[in-house]
Chemist: 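My structure is below; once you've seen it, I'll send some questions.
Small disclaimer: the values here were computed from a predicted structure and weren't measured.
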Amino acid sequence: MAIERTFSIVKPDATKRNLTGAICAMLEAGGLRIVAQKRIQLTLAQAQAFYAVHAERPFYDELCEFMVSEPIVVQVLEGENAILRNREIMGATNPADADAGTIRKEHALSLGENSIHGSDAPETAAEEIAYFFSGLELVG
């Protein structure tokens with residue numbers, strides 16, 4: 001199996017409820033290692049640029065406003081098949097459909113406030129990591 005890196009965001013609904021540690025513990029217990037992490041407050045322009053791929057979708061403005069509502073924790077995760085493993089640990093986007101024991105089943109408030117974001121493909125992971133982290137910030 002291949003060791004790879006992926007990108008994750010602990011979203012505003014989770015940071016507001018002090019769930020960063022609990023979520024990171026679930027990621028680590030699931031076999032992923034946090035190799036870079038920082039707590040930031042996005043500006044609206046930064047959120048709009050990050051989510052530009054969704055600009056034509058009806059939820060875009062609401063998503064961007066949500067992502068600037070509280071600080072977020074951006075992180076780079078590493079492990080065997082990290083992208084797939086992270087998505088398994090996160091659970092389905094809609095917490096009502098998520099498996100028991102996943103982050104979204106345990107912590108999400110709703111479809112929109114689902115506590116965590118994770119990259120869906122190697123190309124997306126590389127782009128998202130580069131958006132938030134420089135090479136000097138990546139260890140391991």
Chemist: Could you list who else is in Leu44's hydrophobic cluster, with ILVMFWY side chains joined at under 4.5 Å, directly or through other members?
Modeler: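 When side chains under 4.5 Å apart are linked, Leu44 ends up in no cluster with other residues.
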Chemist: Is the shortest heavy-atom distance from the side chain of Ile9 to the side chain of Ile116 under 4.5 Å?
Modeler: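 Ile9 vs Ile116: side chains apart.
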Chemist: Flag the pair Ile40 / Leu42 as yes when at least one side-chain heavy-atom distance between them is below 4.5 Å, and no otherwise.
Modeler: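 A side-chain contact exists here, since the closest heavy-atom pair is under 4.5 Å.
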Chemist: Could you work out, with salt bridge (Lys or Arg N to Asp or Glu O under 4.0 Å) as the rule, every residue matching Glu62, not counting sequence neighbours?
Modeler: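 For Glu62, no residue satisfies salt bridge (Lys or Arg N to Asp or Glu O under 4.0 Å) once neighbours in sequence are set aside.
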Chemist: For the hydrophobic clusters of this structure (ILVMFWY residues joined by side-chain heavy atoms under 4.5 Å, transitively), does one cluster hold both Leu77 and Ile103?
Modeler: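 Yes.
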Chemist: For Glu28, enumerate each residue passing the side chain to side chain contact (heavy atoms under 4.5 Å, CB included) test, keeping only those at least two apart in sequence or located in another chain.
Modeler: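 So Glu28 forms a side chain to side chain contact (heavy atoms under 4.5 Å, CB included) with Ile34.
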Chemist: Does a side-chain heavy-atom distance below 4.5 Å link Leu138 with Ile129?
Modeler: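 Yes, close enough: below the 4.5 Å cut-off.
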Chemist: Distance from Arg5 atom CZ to Arg33 atom CZ, nearest 0.5 Å?
Modeler: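 One gets 7.5 Å once the value is rounded to the nearest 0.5 Å.
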Chemist: At what distance, to the nearest 0.5 angstrom, does CG of Leu111 lie from OG1 of Thr93?
Modeler: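 That separation rounds to 7.0 Å.
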Chemist: Taking salt bridge (Lys or Arg N to Asp or Glu O under 4.0 Å) as the cut-off, I'd like each qualifying pair that reaches into residues 84-112, sequence neighbours left out, listed once.
Modeler: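 For residues 84-112: Arg85-Glu88.
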Chemist: Just how far is it from atom NZ of Lys11 to atom CD1 of Ile23, taken to the nearest 0.5 Å?
Modeler: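 CD1 of Ile23 is found 10.5 Å from NZ of Lys11.
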Chemist: With sequence neighbours left out, what residues match Phe132 under ring-ring contact (aromatic ring centres under 6.0 Å, His included)?
Modeler: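 Partners of Phe132 under the ring-ring contact (aromatic ring centres under 6.0 Å, His included) test: Phe7, Phe50.
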Chemist: Side-chain contact test, heavy atoms from C-beta onward, threshold under 4.5 Å: evaluate it for Thr43 versus Val68 and give yes or no.
Modeler: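 The answer is no; the side chains never approach within 4.5 Å.
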Chemist: Between Gly118 and Met90, which heavy-atom pair has the shortest distance, and what is it?
Modeler: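 Looking at all heavy atoms of both residues, the closest pair is N-SD, 3.4 Å.
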Chemist: Strictly distance-based, threshold 3.5 Å: is any side-chain N or O of Tyr131 a donor or acceptor partner for the main-chain N or O of Gln46?
Modeler: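 A pair under 3.5 Å: yes.
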Chemist: Would you check, one step at a time, whether the test side chain to side chain contact (heavy atoms under 4.5 Å, CB included) holds for Glu65 with Asp61?
Modeler: CA-CA 6 Å; Glu65 289 292 333; Asp61 290 333; 5.5 Å; no
Chemist: Hey, any chance Leu19 and Ile72 share a hydrophobic cluster, counting ILVMFWY side chains that come within less than 4.5 Å of each other, even indirectly?
Modeler: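 Different clusters.
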Chemist: I'd like to check the side chain to side chain contact (heavy atoms under 4.5 Å, CB included) partners of Thr20; sequence neighbours left out, ordered by chain and number.
Modeler: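 In terms of side chain to side chain contact (heavy atoms under 4.5 Å, CB included), with neighbours along the sequence ignored, Thr20 is linked to Val10, Thr15, Cys24, Arg39, Val73.
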Chemist: Remaining members of Val53's ILVMFWY cluster at a side-chain heavy-atom cut-off under 4.5 Å?
Modeler: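 None; Val53 is a cluster of one.
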Chemist: Pairs in or reaching into residues 115-129: which pass side chain to side chain donor-acceptor pair (under 3.5 Å), with residues at least two apart or in two chains?
Modeler: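 Residue pairs with at least one partner in residues 115-129: Asp13-Ser115, Arg17-Ser115, His117-Glu128, Ser119-Glu128, Asp120-Thr124.
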Chemist: Name all residues meeting the side chain to side chain donor-acceptor pair (under 3.5 Å) criterion together with Gln41; count only those two or more places apart in sequence or in a different chain, and write none if there are none.
Modeler: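 For Gln41, no residue satisfies side chain to side chain donor-acceptor pair (under 3.5 Å) once neighbours in sequence are set aside.
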Chemist: Would Phe66 and Val74 show up in the same hydrophobic cluster when neighbours are defined by side-chain heavy atoms closer than 4.5 Å?
Modeler: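 Per the 4.5 Å side-chain linkage, Phe66 and Val74 are co-clustered.
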Chemist: Between Tyr51 and Phe133, is there shared hydrophobic-cluster membership here, with clusters defined by ILVMFWY side-chain heavy atoms closer than 4.5 Å?
Modeler: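 Linked, Tyr51 and Phe133 end up in one cluster.
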Chemist: What residues form a ring-ring contact (aromatic ring centres under 6.0 Å, His included) with Phe59, not counting sequence neighbours?
Modeler: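 Testing Phe59 for ring-ring contact (aromatic ring centres under 6.0 Å, His included), a comparison that skips the adjacent residues, returns His54.
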Chemist: Taking only residues two or more places apart in sequence or in another chain, which ones pass salt bridge (Lys or Arg N to Asp or Glu O under 4.0 Å) with Lys38?
Modeler: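 Lys38 satisfies salt bridge (Lys or Arg N to Asp or Glu O under 4.0 Å) with Glu137 once adjacent residues are dropped.
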Chemist: Go through the structure and list residues passing ring-ring contact (aromatic ring centres under 6.0 Å, His included) with Tyr60, not counting sequence neighbours.
Modeler: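 Checked Tyr60 against ring-ring contact (aromatic ring centres under 6.0 Å, His included); zero matches.
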Chemist: Calculate, to the nearest 0.5 Å, the distance between atoms OG1 and CD1 belonging to Thr6 and Ile83 respectively.
Modeler: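 If I round to the nearest 0.5 Å, the distance is 4.5 Å.
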